[in-house]
Number of protein chains: 2
Amino acid sequence: MSARPRPGSLLATKLVARGVRLTNQRRKILELIESEGGHLDAARIQELARERQISVDRATVYRTLALLKQHGLVEELDFLHVRGDQHFYESRGLGDHLHACCYRCGRVSELRTATLDRLKEELRDNLGFRTESVRVEVGGCCKECAEHEEQVSPVVI
Amino acid sequence: MSARPRPGSLLATKLVARGVRLTNQRRKILELIESEGGHLDAARIQELARERQISVDRATVYRTLALLKQHGLVEELDFLHVRGDQHFYESRGLGDHLHACCYRCGRVSELRTATLDRLKEELRDNLGFRTESVRVEVGGCCKECAEHEEQVSPVVI
DNA sequence: CTAACTGCAAAGGTTTTGCCGTCAG
DNA sequence: CTGACGGCAAAACCTTTGCAGTTAG
């Protein structure tokens, strides 16, 4: 009942530090996003929360995600719609990375590379643009699908 | 009435070459996307078509855009939602480039750089991923807004 | 205690679909 | 001619909003 508010996760700690009120629902959503490691959509977040014994309304999920976006704590992705029309979220602060979405099987791989920093430098030097978030999503054919594709006609998107 | 089908634009020519049937509506939509130079959403395409004396149903616009996507002729973007929740389309084949979306004013700038090719190489070398389309959208603060922002508190997304 | 938050239900906006008449090739 | 396409209207989806009760700090 009167337990002292315990952040419980990195995201939660950051929000508390910014004076944001921490409710049970928010704490749970934040934990999920961190422990699942990203690539969750709103429906999946709600589902996971329910599995873990706390019911959260869909609206609350969206409101919490908007809050996290505003504070720059999550990145919003859509994986070029290879997985559907909804948005996917992942915790930021793991460093920028890009997402490679396979048009064939829908799998999404990640790649961390310093080349993304170079893009930011180029934006600064050429456009005077100060980059705050980077979203790189490329589409194509993953290694596995390329191997199984021997004679198969190349599928278009 | 019986004028021989005349592609009329680069996109149209490519579609015809692939054996896709070319209707008046499609021809007009294709011309628009090329002549306006991109960053159009479905509603705007419909609007422009109507201004140019040809009425096209919204469903047809979406069906045509899907067709162009399937053939890899247009890129679908959302500009990190700084301009709304809809999708924007631009002709491909102008070479890859990235989009810098200003969270303050909503303007979108482009930058063409060979660094994007390097990303593709890294994807190939590190993941065995064959890249077919590249979508880079970064968010931040454009030059103009940075200048007008002297004392103003930095807005969050 | 009180502003901020949640759930609920309804609405909003974009995009998709089914059906039938029309048209390109 | 005939299969593919366009218009129309309805539906599907994801996401947002208004309101009243609840809660964190």
Side-chain angles (χ1 to χ4, degrees), chain A residues 1-8 12-13 15-30 40-47 49-50 54-71 74 76-89 157, chain B residues 1-8 12-13 15-30 40-47 49-50 53-71 74 76-81 83-89 157:
Chain A
M1 253 31 142
S2 58
R4 185 177 300 111
R6 138 207 63 106
T13 305
L15 279 181
V16 168
R18 289 157 174 262
V20 172
R21 186 191 283 192
L22 205 50
T23 62
N24 284 329
Q25 289 86 340
R26 284 186 182 168
R27 190 154 29 225
K28 184 55 76 179
I29 292 173
L30 269 41
L40 300 175
D41 63 1
R44 183 78 183 123
I45 289 171
Q46 190 182 24
E47 189 180 310
R50 196 168 288 137
I54 178 167
S55 116
V56 184
D57 190 80
R58 184 70 60 91
T60 300
V61 173
Y62 280 114
R63 283 191 277 235
T64 302
L65 290 171
L67 184 78
L68 293 172
K69 260 196 289 179
Q70 280 162 28
H71 287 273
V74 298
E76 185 177 59
L77 304 162
D78 68 18
F79 298 147
L80 304 176
H81 305 113
V82 299
R83 306 269 280 266
D85 287 343
Q86 67 280 55
H87 290 121
F88 297 86
Y89 299 85
I157 297 197
Chain B
M1 248 26 146
S2 59
R4 186 176 302 109
R6 136 210 60 107
T13 304
L15 279 182
V16 169
R18 288 157 175 263
V20 172
R21 185 188 285 189
L22 206 49
T23 62
N24 284 329
Q25 289 86 341
R26 284 187 182 168
R27 192 156 25 229
K28 184 56 78 178
I29 292 172
L30 268 40
L40 300 174
D41 63 1
R44 183 81 183 120
I45 289 172
Q46 190 181 23
E47 190 180 311
R50 194 167 290 136
Q53 325 301 337
I54 178 165
S55 118
V56 183
D57 191 78
R58 185 69 61 89
T60 300
V61 174
Y62 280 113
R63 284 190 275 234
T64 302
L65 290 171
L67 183 78
L68 294 172
K69 261 197 288 179
Q70 279 163 27
H71 286 273
V74 298
E76 183 177 62
L77 305 162
D78 69 16
F79 298 147
L80 304 176
H81 305 113
R83 305 269 281 267
D85 287 344
Q86 68 280 56
H87 291 123
F88 297 87
Y89 299 84
I157 297 196

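Every chain is numbered from 1, with letters handed out A, B, ... down the list of sequences. Scope of the values below: all heavy atoms of this structure, side chains included, with no hydrogens, waters or symmetry mates.
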key: Ring-ring centroid check A/His87 B/His81, cutoff 6.0 Å   = yes

message = Using whole Å, what does the distance between atom C1' of nucleotide D/dA4 and atom CG of B/Leu15 come to?
response = 14 Å

Short side-chain N/O contact to C/dC23 OP1/OP2 from B/Asn24, under 4.0 Å = no

note = To the nearest angstrom, the CD-P distance between A/Glu76 and D/dC14 comes to 14 Å

query = Within the side chain of A/Thr64, is there an N or O that forms a donor-acceptor pair under 3.5 Å with the backbone of A/Thr60?
reply = yes

B/Arg83 (side chain) donor-acceptor with B/Asp78 (main chain) under 3.5 angstrom = no

request  = May I ask you to verify if any side-chain N or O of A/Gln25 is less than 4.0 angstrom from the OP1 or OP2 atom of C/dG7?
outcome  = yes

task = Within residues 54-65 of chain B, find the residues that approach DNA chain D with a heavy atom at under 4.0 Å, and present them sorted by residue number.
result = B/Ser55, B/Val56, B/Asp57, B/Ala59, B/Thr60, B/Arg63

key: Whole-Å distance separating the CG atom of A/Leu68 from the C1' atom of D/dT15   = 16 Å

Which atom of B/Leu65 lies closest to which atom of B/Tyr89, heavy atoms considered = CD1-CE1, 3.4 Å

ask   = Expressed in angstrom and rounded to an integer, what is the separation of A/Arg27 atom CZ from D/dG25 atom C1'?
value = 12 Å

note = Taken to the nearest whole Å, CZ/A/Arg83 to C1'/D/dC13 is 18 Å

task = Please report the C-alpha distance between B/Arg44 and B/Glu47 in whole Å, then the side-chain angles of each, then the deciding distance to 0.1 Å, and finally whether the salt bridge (charged side-chain N to carboxylate O under 4.0 Å, His left out) criterion is met.
result = CA-CA 5 Å; B/Arg44 183 81 183 120; B/Glu47 190 180 311; 2.6 Å; yes

request  = Heavy atoms only: give me the nearest A/Leu22-A/Ala12 pair and the separation to one decimal.
outcome  = CD2-CB, 3.9 Å

inquiry  = Is it the case that the side chain of A/Glu76 and the backbone of A/Lys69 share a donor-acceptor pair, with hydrogens and angles ignored and the cut-off at 3.5 Å?
reply    = no

d(CG, B/Leu67; C1', C/dT16) in whole Å = 15 Å

message = Tell me the closest heavy-atom pair linking B/Gln25 and B/Ser55, and the distance in Å.
response = CG-O, 4.4 Å

Separation between CD of B/Gln53 and NZ of B/Lys28, rounded to the nearest 0.5 Å = 8.5 Å

key: Five-pair end axes of the helix from C/dC1-D/dG25 to C/dG25-D/dC1, angle between them (10°)   = 50°

ask   = Picking from C/dT14, C/dA4, D/dG6, which would you name as closest to the side chain of A/Arg21?
value = C/dA4

inquiry  = Rounded to whole Å, how long is the line connecting atom CZ of B/Phe88 with atom C1' of C/dT15?
reply    = 14 Å

inquiry  = Is B/Thr23 close enough to D/dG6 that one of its side-chain N or O atoms is under 4.0 Å from OP1 or OP2 there?
reply    = yes

message = Less than 4.0 angstrom between a side-chain N/O of B/His87 and OP1 or OP2 of C/dT15, yes or no?
response = yes

key: Whole-Å distance separating the CD atom of B/Gln86 from the P atom of D/dC14   = 18 Å

